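What follows is one structure encoded as structure tokens, with my remarks underneath.
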Amino acid sequence: MNNNKHTLLKLLSLALVICGASLATRAQTRYPAQLQIESLEPLAVKANQIVDVNLDERLLRLIPVGLMHSTDPDAKNIKEIVAGLKGVYVKNFEFNNEGEYGEADIAAIRTQLRAPGWVRFVNVINKKEHKNVEVYLMTGTTGARVEGLAILAAEPKELTVVNIVGIIDIEKLSKLEGQFGIPDLGIEPDDADKPEAKKPEKPATATKKP
Amino acid sequence: MRHSTRNLLLVACLLFVFVPSLEAAGATKEAAEYHTVVKLIESYYHVKHRGVPMLANLSLKTAKVLSADVRKAMRFGDFKLAIFEDQDFTTRDGFIEFHRLLRQTLEPDWSTLLAVRGRDEGQTYTFVKDAGERYKVLIVVIAERDGTVLEVDLNREEFVKLLKDPEQETKNINDEATRAANEDN
């Protein structure tokens with residue numbers, strides 16, 4: 001009798017392990033470069049409009065392989081951009097008036113960007129338009145490759161956070177603008193800003209654009 | 001002992017067979033999701049249909065039935081469309097809560113591609129999921145006086161277009177379907 005109970009318990013444990021494993025494989029992986037962009041959600045109550053674009057790994061994988069092998073230059077571009085990406089997340093807030101959000105509202109994102117691995121790559125300040133665009137990169141442990149990117153674009157009546165997760169060729173950053181819901185932020189890193197291959201990126205100094 | 005090992009292996013095999021089939025059973029639930037979303041809008045905003053033909057078998061008073069000719073002429077083969085015309089969607093200023101309820105209504109395999117929540121411009125939500133050869137897209141648009149719930153199947157090329165420019169393509173798809181529905185009536 002005891003033996004039967006023991007066997008039954010074993011069977012139940014096995015069933016739980018298998019079901020658990022099955023569910024776990026379906027769960028979304030959270031990568032170190034993936035920001036908790038939803039931490040900005042409390043700002044939604046102040047905003048006039050909020051736009052969220054989420055292309056997680058599962059969605060990026062849906063982009064047909066057949067199309068990626070196409071010789072069409074546009075499809076080739078997609079292939080180049082998508083290869084290595086694990087996610088693209090965009091959150092944009094528009095406000096009716098200036099000063100409706102402040103540093104405190106974006107503190108949660110800044111805290112995440114102070115985590116190990118993140119470095120500020122470039123800071124573009126446009127004093128005339130009161131626009132400040134900060135680009136952060138997450139590098140791997142060796143610092144040899146970029147494994148994530150975050151853009152924080154702050155304007156008096158608008159705030160945009162872009163988080164690109166995965167291996168990124170920084171030279172293709174401008175190609176991503178206007179694609180996959182990423183707004184055109186006017187970021188074109190010049191040669192001085194480009195990190196050299198196989199070298200860890202240095203923390204950026206502020207770059208000013210007219 | 002040998003007997004229990006055999007039992008364990010048998011159960012393991014059965015579970016490997018059953019776990020995917022349980023998911024398949026969930027697929028039948030998915031068919032009802034579109035209608036659940038329509039009902040959610042009706043109950044949340046207290047809106048009703050007006051002067052729109054019924055889909056009697058589904059008790060959906062808001063849905064227009066499109067002719068086969070119209071559907072064939074469009075880039076997406078088949079679709080479901082519910083139109084809310086001349087309704088008041090301003091009764092509740094709760095787009096944050098509505099977004100949450102909408103997400104709860106849908107199964108987790110629907111990914112939220114786009115969510116536009118505006119106090120003046122209205123709300124637009126685009127959910128997508130893989131459906132084998134094609135891709136299922138569910139678009140919910142709520143403006144001040146009108147709303148639509150649209151489910152379409154897109155082919156690969158059209159789906160990539162949507163991923164490349166979610167906001168604009170969502171608008172294009174929804175406009176195309178709504179225009180076809182209006183022309184068909």
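We use all heavy atoms of the structure for the numbers below, so side chains are in, but hydrogens, waters and symmetry mates are not. Source: prediction; values computed, not measured. Residue numbering restarts at 1 for every chain, and letters A, B, ... go by the order of the sequence lines.
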Q: Using a heavy-atom cutoff of under 4.5 Å, enumerate the residues of residues 35-51 of chain A that contact chain B, numbered in order, or state 'none'.
A: A:Glu41, A:Ala44, A:Val45, A:Lys46, A:Ala47, A:Asn48, A:Gln49, A:Ile50, A:Val51
Q) For B:Thr126, which of B:Asn174, B:Val137, B:Leu150 qualifies under side chain to side chain contact (heavy atoms under 4.5 Å, CB included)? A) B:Val137
Q.
Would A:Lys157 pass as a cation-pi partner of A:Phe95, given that its NZ or CZ must be under 6.0 Å from the six-membered ring centre and within 45 degrees of the axis?
A. no
(Q) I'd like to know whether A:Gln34 forms a side chain to side chain donor-acceptor pair (under 3.5 Å) with A:Asn163, so could you lay out the CA-CA distance, the side-chain angles of the two residues, the decisive distance to 0.1 Å, and finally the verdict. (A) CA-CA 7 Å; A:Gln34 188 177 342; A:Asn163 182 205; 6.0 Å; no
Q. Any idea which of B:Val128, B:Asp165, B:Thr124, B:Thr112 has the most non-hydrogen atom pairs under 4.5 angstrom with chain A?
A. B:Thr112
Q.
For the backbone of B:Ala82 and the side chain of B:Tyr34, can you confirm whether one donor and one acceptor N or O come within less than 3.5 Å of each other?
A. yes
Q) Is it true that A:Arg110 and A:Glu134 have a side-chain N and a carboxylate O under 4.0 angstrom from each other? A) yes
Q. Would you say the side-chain atoms of A:Glu147 pair up with the backbone N or O of A:Ala33, donor to acceptor, closer than 3.5 Å?
A. no
